[in-house]
There are 2 protein chains.
Amino acid sequence: MAVTMNDVARVAGVSLKTVSNVINNYEFIRPTTKQRVLDAIDELGYETNLTARSLRSGKTSMLGLVLADLSIPYYAELASDIMKVAWARGYRVLVEQSGNEPDHEKAALQGQFRTLTDGLLFIPLALDAEQIIAAAGKKPLVLLGEYVQDPRLDMVLIQNHRAAAAVTTHLLAGGRRRIAVVGAHDGDTTGSGGLRLEGYKAALADAGVEYDPALVVPCDWRRDGGADAIARLLDSGVEFDAVFGLNDALALGALHELLVRGKKVPQQVAVAGFDDIDEARFASPSLTTVAPGRAEIAERAVELLINRIESKTPAAKVQQPEAAFELRVRQSAP
Amino acid sequence: MAVTMNDVARVAGVSLKTVSNVINNYEFIRPTTKQRVLDAIDELGYETNLTARSLRSGKTSMLGLVLADLSIPYYAELASDIMKVAWARGYRVLVEQSGNEPDHEKAALQGQFRTLTDGLLFIPLALDAEQIIAAAGKKPLVLLGEYVQDPRLDMVLIQNHRAAAAVTTHLLAGGRRRIAVVGAHDGDTTGSGGLRLEGYKAALADAGVEYDPALVVPCDWRRDGGADAIARLLDSGVEFDAVFGLNDALALGALHELLVRGKKVPQQVAVAGFDDIDEARFASPSLTTVAPGRAEIAERAVELLINRIESKTPAAKVQQPEAAFELRVRQSAP
DNA sequence: CGCCCCATCTGCAACGATGTATGCCAACAG
DNA sequence: CTGTTGGCATACATCGTTGCAGATGGGGCG
């Protein structure tokens, strides 16, 4: 049987409520009384029952975080940052893996899961804005990334368009003219893939280079997806002198496949990615990529969510802060 | 205000307890009554309050998972697996990052955090068995890995010794005789590092190759640690024709540094790691390593913990299942 | 000297669910 | 016609905590 406030109260010779007051740092307690209570707590090894506290107070001090899968480095690193920021603000994080499936995402938005958290950080991949709004309950919700964009939802934005343009411009500056894009469908304009593709196109246009749909190869945003895509591209005979992987994982998969096929990187083909995961720095050759401001995203998202949770007037205007990005030039595309 | 069972009961025209019975699939309920309740639930959008349920039932259906940091791929991948297994068994996972600090680890073992979980999965890095036993409360606890070994504690074992020996034997079979070990101190015999080092020594002895302490380089178990270590080793002038990184991250860091320094891998120096993280397969050259049976570890650990939690007689004998390992030969050490 | 104030402490009710004990009624046996 | 059985539903107490509304009692002030 666990030790309760009642036990502490009995040992300290005060009322249960006084114990509660000590624990919650109520102002008007005689120092001697306070000490007696603290001693009793120590003696009995009392631990506040957070479940009971939550029930009574209506707050769980937990944030939900829904993402596709922790085995994907970008999400893992982001989750790590988010947990640290949340921890510093007195919140824990309950992670839910959606596996990129609409049903899971919907379940995470609605389900009982929500009753365990005060608010939700959500990286949507499968649902669109309408579905999210329809499924979301009344608790605070902050979206991450830019897969979904909608003026009605709080979210932290990544500068997909501008950052992708910056990468492309860098590749063009290196003299590349046939830049393959791996990870999008020709014609995509929404979602992270579409927005990054648009940035790529804009940079090409700026430089007066013609856009060739044959250079756009769709694939899963994973290492093996990138490898497959490059294999297909090479087999198809389309010429290219650079690869822009729409995230680092697939850029690294592409890089791997290029090397396997005997291409020299960056001499014959330059490679660039997006995300700046830790691994990018240690790839061989190291990967040129763009850092979307992960730490800042984590910081802003948690802060925004906690402000919503703790605000007395949650009806404030929708907020959509934007994280700063930074190009990281490395060996794969100097 | 949230919808409660009371509201549902009022709308359905039954007692609160009947609603509870419907939700918990109590056997003897007239189908018509049940339907009325379910309709009311639907109409009101009722969600069971898990906090209240936990308080009353004393179970939270959450498992704690304490690890160093999610940004380390091995932990992230393991966490992902654990969450999937736990989810399938009806449990959620609350992750806590210890940052490899003793105080954090201790706090995670004791703190209020424990009141939120039914049991704990713990990957100890900083605490030893005594400290763990002293700090652990009464709730079920299962350790992962082999940093700590003790007959009094439930844990899932990794075959550090045998797996490390297998890697070493493989390198020896490839004709290497000067195999540097990165990530341990000469003389370590405990913890993952020590056990793997012992396996390395045993394999050398089996092959009749002399052990040279100068080849053992300590470093942090991260990419940059491995890179630093190799830099130091090269600068020191010690000759070596292979590197055994005691985990993949540092093996990849080492690989990176070798390539930067112009060494040909595997022609001049072979490289092998330990963990088989996803990244190993896509490194260039791809990394030879040993898979410690991550999926099996996750499976066994969760199962063991849940059995302890749900068992009526938790005093059963200490269990220490061992996961099977597998050597994965790739380009870096063919 | 009496009254009010305020620091300090207390008791009760409630958060939303579940376990236990029990009530009620129909059907059936004796 | 009474007693028993068993399906079905209910009331009440309870989990451990916090919010609210007092209760207490010593000191300052008129």
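Below, chains carry the letters A, B, ... as their sequence lines are ordered, and counting in each starts from 1. Atom set for the values below is all heavy atoms of this structure, side chains included, hydrogens, waters and symmetry mates excluded.
- Counting to the nearest Å, the C1' atom of D:dA9 and the CZ atom of B:Arg36 are 11 Å from each other.
- Residue A:Ile29 is in sugar-phosphate contact alone, with no base atom involved, counting any heavy-atom pair closer than 4.0 Å across all strands shown.
- If you check the side chains of A:Asp69 and B:Ser80, you find a donor sitting under 3.5 Å from an acceptor.
- Considering only side-chain atoms of B:Arg30, the nucleotide from C:dT18, D:dG16, D:dC8 that sits closest is D:dC8.
- Contact annotation: B:Tyr46 side-chain N/O to C:dA17 OP1/OP2 distance is under 4.0 Å.
- The side chain of B:Ser57 places no N or O atom within less than 4.0 Å of a non-bridging phosphate oxygen (OP1 or OP2) of C:dT18.
- The residue A:Thr4 sits close only to the backbone: its heavy atoms come under 4.0 Å of sugar-phosphate atoms, none of a base.
- Side-chain proximity of A:Lys17 to C:dA17, C:dT10, C:dT20: nearest is C:dT10.
- If you check C:dC9, D:dT18, C:dA17 against the side chain of A:Thr33, the one that comes closest is C:dC9.
- Surrounding NZ of A:Lys106 are at most 12 heavy atoms belonging to other residues, nucleotides or ligands under 6.0 Å away.
- For the pair A:Arg300 and A:Glu322, the salt-bridge criterion is not met [side-chain N within less than 4.0 Å of a carboxylate O].
- For A:Met5, the side-chain atoms get nearest to D:dT18 when compared with the rest of C:dT10, D:dT18, D:dG7.
- Defined by atom type and a distance below 3.5 Å, a donor-acceptor pair is present between the side-chain atoms of B:Thr18 and B:Ser15.
- Along DNA chain D, the nucleotide nearest to A:Glu47 and the one nearest to B:Asn21 differ in position, and the one closer to the 5' end is contacted by B:Asn21.
- The pair A:Arg152-A:Glu130 meets the salt-bridge criterion, with a side-chain N (NZ, NE, NH1 or NH2) lying under 4.0 Å from an Asp/Glu carboxylate O.
- Dashed line: the shortest gap from a side-chain N or O of A:Ser20 to OP1 or OP2 of D:dT17 is not under 4.0 Å.
- Of the candidate nucleotides C:dA17, C:dG11, D:dG16, D:dG16 has the atom lying nearest to any side-chain atom of B:Leu55.
- In this structure, a donor-acceptor pair under 3.5 Å is absent between the side chains of B:Asn49 and A:Thr115.
- Looking at heavy-atom distances under 4.0 Å, A:Asn6 makes no contact with the nucleic acid at all.
- Going from atom NZ of A:Lys59 over to atom P of C:dA14 covers 23 Å, rounded to whole Å.
- Across all strands shown, B:Thr48 has heavy atoms under 4.0 Å from sugar-phosphate atoms exclusively, and none from any base.
- Atom-to-atom, CG of A:Leu16 to P of D:dC20 comes out at 17 Å; the value is rounded to the nearest Å.
- Residue contacts shown for B:Thr51 are absent, as no nucleic acid heavy atom lies under 4.0 Å away.
- Phosphate contact (OP1/OP2 of D:dT18, side-chain N/O of A:Asn24, threshold under 4.0 Å): present.
- Heavy atoms of B:Leu50 sit nowhere under 4.0 angstrom from any nucleic acid atom.
- Taking atom NZ of residue B:Lys34 and atom C1' of nucleotide D:dG7, one finds them 15 Å apart after rounding to whole Å.
- Comparing D:dT17, C:dA17, C:dA7 by their closest approach to the side chain of A:Arg53 singles out D:dT17.
- The side chain of B:Arg56 sits closest to D:dT14 out of D:dA9, C:dT10, D:dT14.
- Residue B:Phe28 contributes atom CZ, which lies 16 Å from atom C1' of C:dT22 at whole-angstrom precision.
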